[in-house]
S.K.: 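I have a structure here, written as structure tokens, and I will follow up with some questions on it.
Order of listing sets the numbers, starting from 1, for every ligand and every atom in it. Heavy-atom basis, side chains included; hydrogens, waters and symmetry copies ignored.
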Amino acid sequence: MLPVSEPCITERDIALVNDALKSGWISSAGMYLDLFEQRWAAYCGMPFGIAVSNGSVALDLAVGLLNLQPGDEVIMPTFTIISPAQSIVRAGGVPVLVDSEPHNWQMDAGQIEAKIGPRTKAILVVHIYGHPADMDLITDVARRHHLTVIEDAAEVHGAEYKGRRCGGLADISTFSFYANKLVTTGEGGMVLVRTPEHAERARSLRNLCFQKQQRFLHDELGYNYRMTNIQAALGVGQIDRMDGIVARKRAIAAAYAEQLRDVAGIRMQVEEAWAKSVYWVLGVVVGESTGVTAIMLADRLREAHIETRPFFLGMHQQPVFQKMGLFQGEQFPVADRLARQGVYLPSGLTITDEQIVSVTTTVRESLK
Ligand SMILES: *Cc1c(COP(=O)(O)O)cnc(C)c1O
């Protein structure tokens with residue numbers, strides 16, 4: 001089976017992990033953690049990085065910095081992984097959803113203003129599948145309404161919006177370093193913040209809110225969301241390779257675009273003029289007029305030993321939130337169509353040009 005993605009670990013990465021092990025610093029202190037936090041924050045153009053155990057808990061910390069009161073609202077896209085929505089709900093907040101843009105699949109910034117009410121505290125942007133959301137429009141509406149902006153940048157390591165890196169475009173951003181992300185530490189995540197106050201509070205929340213003066217005295221309930229020095233060592237070397245990683249992902253996407261160009265009924269994610277996508281995944285949407293759904297295409301590709309993954313299912317479609325009475329009667333037709341008609345194709349860093357040809361040939365035949 002040709003996998004959708006595969007981690008790409010080098011001998012140097014392994015040597016750095018071994019060095020961390022030999023140093024004896026195997027828990028949540030050590031040189032590699034400091035290095036990883038500093039280098040990733042600098043890469044994204046942010047002053048402070050707080051490494052954590054995964055991208056979902058990075059969102060818990062980011063939302064934690066908002067100090068939501070019960071019933072406070074956070075605007076976010078419906079078309080996303082569940083992590084940002086559950087962070088908001090667990091913090092006592094209410095996610096308020098907007099639909100996606102039909103061509104670039106990002107949250108539709110034009111729908112945000114109508115959703116702002118007296119309880120709105122923040123906009124949580126989730127950049128989708130390697131491409132940035134239209135941050136100028138989002139930042140503008142946020143500024144006019146005094147809202148905090150959080151970027152969930154788990155899918156856009158190295159992507160750019162008007163020449164600036166994603167994860168450095170808002171007040172707070174979060175990353176995941178899960179095995180299928182562009183930089184991986186196995187499991188891992190990071191919160192990036194702009195102010196020393198946010199950095200200190202996020203570090204405290206990450207580590208059980210121990211106090212500096214009197215360790216076992218607690219003002220607030222925290223978490224153990226720490227990353228290990230071993231994980232950080234695995235990530236550090238990948239930051240140096242980012243240019244090559246991004247170039248390869250873009251070359252893979254260019255090959256797919258070229259070979260699928262004349263296939264009627266197949267659309268790739270449109271890269272906007274203001275964006276540099278890293279094509280975290282290679283998503284395609286099958287036109288409804290073909291009579292082929294995402295599930296049908298996935299079945300046909302599986303028969304040819306090609307793995308695919310379905311697109312996200314909107315938050316408004318999730319039974320867990322419906323049972324809470326959320327999103328009742330709301331319609332998000334673009335997200336629904338993406339969920340029904342979208343799959344992503346193999347595009348890991350290890351895929352060969354011949355394998356891409358075999359995938360696109362099979363896609364072409366599957367639609368006949
Ligand atoms: C992967 C991902 C997450 C979750 O990260 P984990 O490290 O798996 O917890 C959150 N948000 C987005 C957009 C993601 O793609």
Side-chain angles (χ1 to χ4, degrees), residues 4-7 36-37 40 44 49-64 74-91 95 97-98 100-101 104-107 122-133 135 138 149-159 161 165-167 169-170 172-192 206 223-228 231-232 234-235 238 249 269 277-283 309-315 318 335 338-339 342-344 347-348:
V4 161
S5 81
E6 258 184 327
F36 188 50
E37 288 181 338
W40 190 252
C44 298
I50 299 96
V52 294
S53 11
N54 59 66
S56 301
V57 303
L59 283 157
D60 285 343
L61 292 192
V63 171
V74 179
I75 296 175
M76 60 170 284
T78 190
F79 187 72
T80 169
I81 192 170
I82 197 169
S83 306
Q86 70 178 28
S87 293
I88 295 165
V89 169
R90 287 205 170 118
L97 305 177
V98 300
S100 310
E101 298 258 19
N104 64 30
W105 312 340
Q106 305 304 313
M107 83 188 282
I123 302 171
L124 200 166
V125 181
V126 187
H127 305 293
I128 299 294
Y129 296 163
H131 189 289
M135 289 303 288
I138 293 166
V149 181
I150 299 175
E151 293 176 85
D152 178 349
E155 303 183 358
V156 284
H157 308 65
Y161 177 76
R165 291 222 170 99
C166 290
L169 304 168
I172 303 166
S173 67
T174 66
F175 283 90
S176 163
F177 304 114
Y178 183 65
N180 68 0
K181 305 291 157 97
L182 256 61
V183 170
T184 182
T185 58
E187 296 280 355
M190 202 178 293
V191 185
L192 302 182
R206 169 179 69 175
Y223 311 90
N224 174 358
Y225 283 168
R226 302 180 302 249
M227 178 188 267
T228 68
Q231 292 169 298
L234 179 58
Q238 294 169 50
K249 292 297 279 187
Q269 188 174 27
S277 175
V278 293
Y279 296 95
W280 170 57
V281 295
L282 201 294
R309 287 272 189 285
F311 273 22
F312 296 128
L313 184 60
M315 293 303 103
Q318 304 296 336
L338 292 174
V343 290
Y344 44 98
S347 71

S.K.: What atoms in ligand 1 come closer than 4.0 Å to a heavy atom of Val126?
M.R.: 13 (C)
S.K.: Atoms of ligand 1 less than 4.0 Å from Gly55 heavy atoms?
M.R.: 5 (O), 6 (P), 7 (O), 9 (O)
S.K.: Working to the nearest 0.5 angstrom, can you tell me the gap between Ser87 OG and Asp60 CG?
M.R.: 4.0 Å
S.K.: When you measure from the side chain of Lys181 to the backbone N and O of Glu155, does any donor-acceptor pair fall under 3.5 Å?
M.R.: no
S.K.: Under 4.0 Å from any heavy atom of Asn54, which atoms of ligand 1 are there?
M.R.: 7 (O), 9 (O)
S.K.: Looking only at distance, does Ser176 have an N or O less than 3.5 Å from an N or O of ligand 1?
M.R.: yes
S.K.: Any nitrogen or oxygen of Ser56 lying under 3.5 Å from a nitrogen or oxygen in ligand 1? Just yes or no.
M.R.: yes
S.K.: Could you check whether any side-chain heavy atom of Ile123 comes within less than 4.5 Å of a side-chain heavy atom of Ile150, counting everything from C-beta outward?
M.R.: no
S.K.: Salt bridge or not between Arg226 and Glu37? Use side-chain N to carboxylate O under 4.0 Å.
M.R.: no
S.K.: Would you indicate whether the side-chain heavy atoms of Leu97 and Met76 approach each other to under 4.5 Å?
M.R.: yes
S.K.: Give the residue and atom name of whichever protein heavy atom lies nearest to atom 14 (C) of ligand 1, and the separation in Å to one decimal.
M.R.: Lys181 NZ, 3.1 Å
S.K.: Is any side-chain heavy atom of Phe175 closer than 4.5 Å to a side-chain heavy atom of Cys44?
M.R.: yes
S.K.: When you compare ligand 1 with Glu155, is there at least one nitrogen or oxygen pair between them that comes in under 3.5 angstrom?
M.R.: yes
S.K.: Heavy-atom contact check, 4.0 Å cutoff: does Ile81 meet ligand 1?
M.R.: yes
S.K.: Which value, rounded to the nearest 0.5 Å, describes the distance between Thr174 atom OG1 and Leu61 atom CG?
M.R.: 10.0 Å
S.K.: May I ask you to check if ligand 1 and Ser83 share an N or O to N or O distance below 3.5 Å?
M.R.: no
S.K.: Check whether the side chains of Tyr178 and Asn54 place a donor and an acceptor atom closer than 3.5 Å, and report yes or no.
M.R.: no
S.K.: Using a strict cut-off of 4.0 Å, indicate which atoms of ligand 1 neighbour a heavy atom of Ala154.
M.R.: 2 (C), 11 (N), 12 (C), 13 (C), 14 (C), 15 (O)
S.K.: Looking only at N/O atoms, are Asp152 and ligand 1 under 3.5 Å apart anywhere?
M.R.: yes
